[in-house]
Undergrad: 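This is the structure I have questions about; it appears just below.
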Amino acid sequence: MVAQLLRLRLSQLLVGARQGARDRGQMLGLAAFVLASAVLLLLSLYAVPRGDIPSVGAWYVLIGGAVVLGALLGTVFLGLHAGLDPRAFSLIGIASWPLSLGLTVAGAATVPTLAVAILVFGMLGIWGGSAALVAVFAAVLSVLTVVLVARVGTSLSSLLRPDSPAIRSGLLTAAIVGVLAALGTVVLLRSFGRGVAPEEVLEAAGLVGWTPLAAAWAAPVAAADDDLAGAWLRILIAVVTLAGLAWLHERLLNRINHTPIRRIGARVDSVGVFESLPASGFGVVAGRSLINWVRDERYRVALLAVPVLPLLALPILALAGVPWSVLVLLPAPLMCLMIGWLPHNDVAHDYSAFWVHVATSISGRADRAGRLVPPLLLGVLVAVFGSLVAGVLSGNLLHVFTSIGLSLAALGAGLGLSSIVSVLWPYATVHPGEDPFHQPQFRGRAAVLAQAGTMAAAVALTAPTQVFFFQSILTEVWFWPLVTLGVGALTACIAIWAGIELGGRHFEQRRTEVFSAVLRG
Amino acid sequence: MTAFDTAAETALAESELSDGDQAIRAEEVSADDLATDLVAGESETPAEAQAAQDAAAAAVEAKAAARPGRKPAAKRPARSRKGRAARSTTVRETVVEVHGLTKRFGDVTAVDNIDLIVPVGSFFGLVGPNGAGKTTTMSMLTGLLRPDEGHVIVHEHDVWEDADAAKREMGILPDRLRLFDRLTGRQLLHYNGVLRGLDRSRIRERSNELIAALGLGEAADRIVADYSAGMTKKISLACALLHAPRLLVLDEPFEAVDPVSTVQLIGILKQYVAGGGTVILSSHTMDLVQRECDRVAVIVEGKVLASGTMDEVRAGKTLEQRFVELAGSVDAAEGMSWLHSFSD
């Protein structure tokens with residue numbers, strides 16, 4: 001059984017390679033990228049001055065915790081998995097223990113597992129001879145834990161959400177691994193430039209090292225620090241964790257094999273979210289948009305782009321020497337800018353289902369406004385909570401208002417422009433129900449214009465708010481943050497109102513033409 | 001009882017019903033024709049015509065009343081009675097007039113100067129080979145595609161000048177256009193109902209009846225993306241019927257629908273027509289059109305080659321024979337002599 005499943009997994013890997021030069025190149029490229037990220041991270045750990053075991057160890061433990069947590073969250077919530085959906089085997093009638101073992105071994109044959117193995121075994125050189133036995137043992141446990149956690153996550157995802165197809169994308173995995181590894185590398189290199197790791201990192205690592213998440217990763221650190229008893233204790237925790245995971249995995253498979261798919265349907269005679277929304281054009285479009293943002297993979301994948309902008313921009317700005325007090329205020333506005341930009345091609349996402357809006361003469365304003373409800377809700381949440389965190393971190397609570405102000409301006413400008421652009425220049429996108437990562441080959445000028453133009457114009461519209469934003473940070477006078485908030489909120493209101501008006505008017509005058517443009521793609 | 005049993009039983013009931021309906025409709029049509037003749041001054045027995053007309057109307061009403069589960073007919077006795085009363089005194093009114101409709105895509109003229117007249121209460125079939133322009137015509141008729149020339153009048157409203165009013169009169173089932181398929185069937189009905197201006201309780205009431213009538217049952221609370229092709233057609237038809245339009249425009253309503261469901265759908269459509277509604281449907285199943293429709297237009301290469309009552313167009317032949325005649329059959333097998341000598 002184990003051998004058969006492993007063979008199945010290997011042929012899955014080979015299928016990608018057989019699909020033609022373009023796909024093969026892409027696949028090998030992604031694999032190389034993921035592995036290179038791991039090597040980069042490993043090298044930056046090696047860049048520490050020898051002998052500072054506590055610092056290296058602390059970072060290593062935190063990385064381990066992040067990897068295990070990432071494997072769990074990635075599989076449960078994003079549905080990233082190795083292509084072995086446990087439900088696929090439920091009709092064959094394999095006992096759950098052999099199946100569990102087989103899926104675990106087969107699931108180990110993935111590029112991310114290899115990347116983890118490179119990192120973990122690569123570190124053996126640092127821990128030193130006295131810790132060798134513990135280190136090897138811990139390394140094996142570390143890799144096994146990651147593999148099993150990923151399998152448990154996959155099973156959980158399959159059990160909890162049989163409806164939503166898993167996202168099987170090397171591209172996404174590579175992007176996540178790459179961004180995390182790049183971040184880790186940048187942080188590590190900067191930190192080592194200054195010598196020992198900060199006190200908070202050491203403390204956090206000490207704590208995480210005792211949890212099931214990173215006990216296996218902490219064991220060699222303890223051993224290298226001549227704390228053999230502590231090392232074996234952590235090994236024990238890791239072994240118990242592994243046993244627990246194996247048991248859980250078997251139980252989950254058993255459960256999956258014996259539960260038919262039950263769809264989480266609405267109550268009988270219920271229209272779900274529409275029940276609590278007004279029975280108007282605006283209400284139903286808003287309800288349908290909310291459902292799309294939750295149920296449609298295309299929207300879920302688009303949401304992944306939201307944190308990317310700050311993740312990319314912040315390390316670069318940090319390296320460029322932008323002070324901490326400014327840096328912490330940027331993530332919330334940047335994320336709001338992305339959220340406001342997301343619906344700029346919303347009509348094309350409906351594709352031909354948009355005919356209902358053409359055939360029923362729904363008002364343009366209702367159509368425009370309804371579609372903005374989900375991003376508006378999300379954006380306001382990010383603006384408020386992101387800014388609260390930013391204010392606390394910046395050490396000046398007044399900057400909560402500074403950050404909210406710019407966030408609202410960015411969100412409103414983005415949403416207002418999106419309202420106009422999505423009826424003015426709809427461009428080809430992934431059709432409903434298709435793989436969200438397979439973008440159409442040719443999108444033409446409209447796509448570039450719509451994407452880049454919306455983003456640039458949104459940034460431009462926040463210019464007045466930006467002036468007060470920097471005024472607040474530079475002068476530290478108490479009223480500037482409040483002015484920023486006021487200007488930002490006003491910008492948002494005007495932009496959204498104008499977007500709905502102008503977009504709505506265009507929609508009503510040209511709805512047939514908009515529909516034809518969407519169909520042409 | 002299994003779902004299959006239920007479906008089969010419904011179908012059985014429907015097929016009995018549709019036989020009855022057909023008889024009634026035939027009666028009604030003859031009464032109508034008689035009434036038309038009357039106005040033209042060719043008949044000499046007005047009282048007789050009126051009596052026949054009334055009898056037909058009464059029979060239809062009785063039928064509708066006897067089927068409380070069937071919304072379209074049962075819900076509109078007032079209008080249909082009015083429509084019929086009007087018809088008995090004037091020439092049968094038209095619900096759709098198409099004049100000089102033309103659509104070009106680049107060099108290709110998809111629809112070429114089409115004229116169509118669809119009288120109220122007709123079951124109108126639009127037939128033509130693949131790519132003849134049926135879907136293009138229907139898209140322009142329903143306001144989904146702007147014609148290059150010509151205009152369409154639906155119940156006295158120009159589809160392009162007075163779009164909102166015209167669109168209110170129509171229920172549409174387009175071919176190969178998607179639905180908002182992340183919604184459940186019931187949610188989709190709510191969505192369409194609200195956009196058609198119905199209130200919450202009326203939508204719920206009508207949805208329940210439509211779901212029962214179309215045999216969607218427990219599927220109503222599943223998302224439409226998971227429906228089979230036939231179920232998708234059914235939920236689309238339910239959406240089209242929901243606001244009780246005067247005119248139904250159905251593009252290939254029976255494609256990919258199983259025979260049982262087809263019988264069921266036809267039953268519902270006939271009842272709708274009996275209640276004063278008008279149906280325009282396109283199909284390339286000639287048998288079905290000949291059997292069910294009372295009027296037909298043949299479109300080939302964007303032109304209407306024949307149009308009128310079924311009997312006029314058929315001219316004593318089957319619709320299929322007539323259609324092949326009009327479409328100009330090329331003996332496709334001719335010349336492919338290799339097809340007769342099988343390779344070893």
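A note on names: the letters A, B, ... follow the listed sequences, proteins ahead of strands, and every chain is numbered from 1. Quantities reported herein were computed from a predicted structural model and do not represent experimental measurements.
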Undergrad: Given that the side chain runs from C-beta out, which part of A:Val285 has a heavy atom under 4.5 Å from chain B: side chain, backbone, both or neither?
TA: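 Both backbone and side chain.
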Undergrad: Should the heavy atoms of other residues, nucleotides or ligands under 6.0 Å from CH2 of A:Trp293 be counted, would the total exceed 12?
TA: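 Atom CH2 in A:Trp293 is packed in, count exceeds 12.
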Undergrad: Assess the residue pair A:Phe515 and B:Leu177 against the criterion (side-chain contact (heavy atoms from CB on, under 4.5 Å)); give the C-alpha distance rounded to whole Å, side-chain angles, the decisive distance to 0.1 Å, and a yes or no.
TA: CA-CA 11 Å; A:Phe515 182 52; B:Leu177 294 186; 3.8 Å; yes
Undergrad: Can you name the nearest heavy-atom pair linking A:Ser352 to B:Arg176, along with the distance?
TA: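 Taking A:Ser352 first and B:Arg176 second, the nearest heavy atoms are OG-O, 4.4 Å.
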Undergrad: Does any heavy atom of chain A fall under 4.5 Å from the side chain of B:Asn192, the backbone, both, or neither of them?
TA: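 Only the side chain of B:Asn192 comes within 4.5 Å of chain A.
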Undergrad: Anything in residues 146-161 of chain B with a heavy-atom distance to chain A below 4.5 Å? Please list those residues in order.
TA: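 B:Arg146, B:Trp160 fall under the 4.5 Å cut-off.
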Undergrad: Using the salt bridge (Lys or Arg N to Asp or Glu O under 4.0 Å) criterion, which residues pair with A:Arg511? Sequence neighbours excluded.
TA: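 Listed in chain order: nothing, the list is empty.
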Undergrad: At a heavy-atom distance under 4.5 Å, which candidate from A:Ser363, A:Ala359, A:Gly281 has the highest pair count against chain B?
TA: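 Option with the top pair count is A:Ala359.
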Undergrad: Atom CG of A:Asp350 and atom CG of B:Leu179: how far apart are they, to the nearest 0.5 Å?
TA: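 If I round to the nearest 0.5 Å, the distance is 12.0 Å.
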Undergrad: Using 30° and 60° as the class boundaries, would you call the ring planes of A:Phe274 and B:His190 parallel, tilted or perpendicular?
TA: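 Ring orientation of A:Phe274 relative to B:His190: tilted.
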Undergrad: As a quick check of understanding, evaluate side-chain contact (heavy atoms from CB on, under 4.5 Å) for B:Leu195 and A:His357, giving each step before the final call.
TA: CA-CA 8 Å; B:Leu195 292 189; A:His357 289 209; 4.0 Å; yes
Undergrad: Using a 4.5 Å cut-off on heavy atoms from C-beta on, say whether the side chain of B:Ile172 contacts that of A:Trp355.
TA: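 They are in side-chain contact.
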Undergrad: Could you measure the distance from the CZ atom of A:Arg295 to the OG1 atom of B:Thr184? Nearest 0.5 Å is fine.
TA: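 OG1 of B:Thr184 is found 7.0 Å from CZ of A:Arg295.
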Undergrad: Under 3.5 Å, is there a donor-acceptor pair between the side chain of B:Arg178 and the main chain of A:Pro432?
TA: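 It does hold such a pair.
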Undergrad: May I ask you to check whether over 12 heavy atoms, not counting those of B:Glu97, lie within 6.0 Å of atom CD?
TA: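 Enclosed: over 12 neighbouring heavy atoms sit under 6.0 Å from CD of B:Glu97.
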Undergrad: Quick one, B:Gln187 and A:Arg288 - any side-chain contact, counting heavy atoms below 4.5 Å?
TA: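 When only atoms from C-beta onward are counted, A:Arg288 and B:Gln187 do not touch, as no gap falls below 4.5 Å.
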Undergrad: When you measure from the side chain of B:Arg182 to the backbone of A:Asp296, do you find a donor-acceptor pair of N or O atoms at a distance under 3.5 Å?
TA: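 The answer is no, because no donor-acceptor pair under 3.5 Å joins these two groups.
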